[in-house]
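In what follows, a single structure is set out as structure tokens and then discussed.
Small disclaimer: the values here were computed from a predicted structure and weren't measured. Numbers restart at 1 for each chain; the letters A, B, ... are given by sequence-line order, proteins then strands. Values reported hereafter were calculated over all heavy atoms of this structure, with side chains retained and with hydrogens, waters and symmetry mates removed.
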Amino acid sequence: MSSELYHNIYAVVKSIPFGKIATYGQIAALAGLPGRARQVGYALHALPDSSDIPWHRVINAKGEISIRSDPLYADIQRHLLESEGVVFNSQNRIPLPDYLWMSRI
DNA sequence: GCAGTGACTAGTA
DNA sequence: ATACTAGCCACTG
């Protein structure tokens, strides 16, 4: 099932540049779903692995990788991000001001 | 149709 | 810094 809003979410995620990240809340707001960050997570969850959507560039508001039912994906996501030059700090977090796609200001 | 779940977030303590 | 809470709403059984 692919509603127009889901399509919108995917379009926004696709527009995140290489080496940059965005939060679920940002994606929701840009896709016309202010305050519905959970729906972004659900939309990405419904994505097939073969998708060309850069889902790994979406992280939570703390700069951490959100764990799915299968924790294996956290490793995959981290690896994908590191291959794009994203550096994690000592707490396994991404310094948001350094890599955030769009400023929160 | 109702209740539980979840790749979330901002607020409060 | 961590822990808990309310709000959020599509999806699932």
Side chain of [X] (C-beta onward), nearest among [options]:
{"X": "A:Y6", "options": "B:dT9, C:dC8, C:dC11", "result": "C:dC11"}
{"X": "A:L44", "options": "C:dC9, B:dA7, C:dC11", "result": "B:dA7"}
{"X": "A:Y42", "options": "B:dT9, C:dT12, B:dA7", "result": "C:dT12"}
{"X": "A:R93", "options": "C:dC9, B:dT9, C:dA1", "result": "C:dA1"}
{"X": "A:R38", "options": "B:dA7, C:dC8, B:dA10", "result": "C:dC8"}

Side-chain N,O (A:S66) to OP1/OP2 (B:dC8) below 4.0 Å: yes
Expressed as a whole number of angstroms, how long is the span from [X]:[atom1] to [N]:[atom2]?
{"X": "A:L96", "N": "B:dC8", "atom1": "CG", "atom2": "C1'", "answer": "14 Å"}
{"X": "A:H45", "N": "C:dA10", "atom1": "NE2", "atom2": "C1'", "answer": "13 Å"}
{"X": "A:N60", "N": "B:dG6", "atom1": "CG", "atom2": "P", "answer": "16 Å"}
{"X": "A:L5", "N": "C:dC8", "atom1": "CG", "atom2": "C1'", "answer": "15 Å"}
{"X": "A:Q39", "N": "C:dC9", "atom1": "CD", "atom2": "P", "answer": "8 Å"}
{"X": "A:I67", "N": "B:dC8", "atom1": "CD1", "atom2": "C1'", "answer": "14 Å"}
{"X": "A:Y73", "N": "B:dG6", "atom1": "OH", "atom2": "C1'", "answer": "16 Å"}
{"X": "A:L47", "N": "C:dC11", "atom1": "CG", "atom2": "C1'", "answer": "16 Å"}

Considering every strand and a 4.0 Å limit on heavy-atom distances, what is the contact class for [X]: base, sugar-phosphate, or nothing?
{"X": "A:I65", "answer": "nothing"}
{"X": "A:Y24", "answer": "base"}
{"X": "A:R36", "answer": "sugar-phosphate"}

Rounded distance in Å between the P positions of C:dG7 and B:dA7: 22 Å
Only one of A:V58, A:N60, A:V40, A:L100 clears side chain to side chain contact (heavy atoms under 4.5 Å, CB included) with A:T23; which? A:L100
Got a salt bridge between A:E84 and A:K20, using NZ or NE/NH1/NH2 to carboxylate O under 4.0 Å? no
Derivation of the side chain to side chain contact (heavy atoms under 4.5 Å, CB included) call for A:Y73 and A:I67: CA-CA 7 Å; A:Y73 284 94; A:I67 309 284; over 6 Å; no
Ring-face cation of A:R93 near A:F88 (centre distance under 6.0 Å, axis angle within 45°): no
Quick check against the 3.5 Å criterion: does A:Q26 have a side-chain atom that pairs as donor or acceptor with the backbone of A:M102? yes
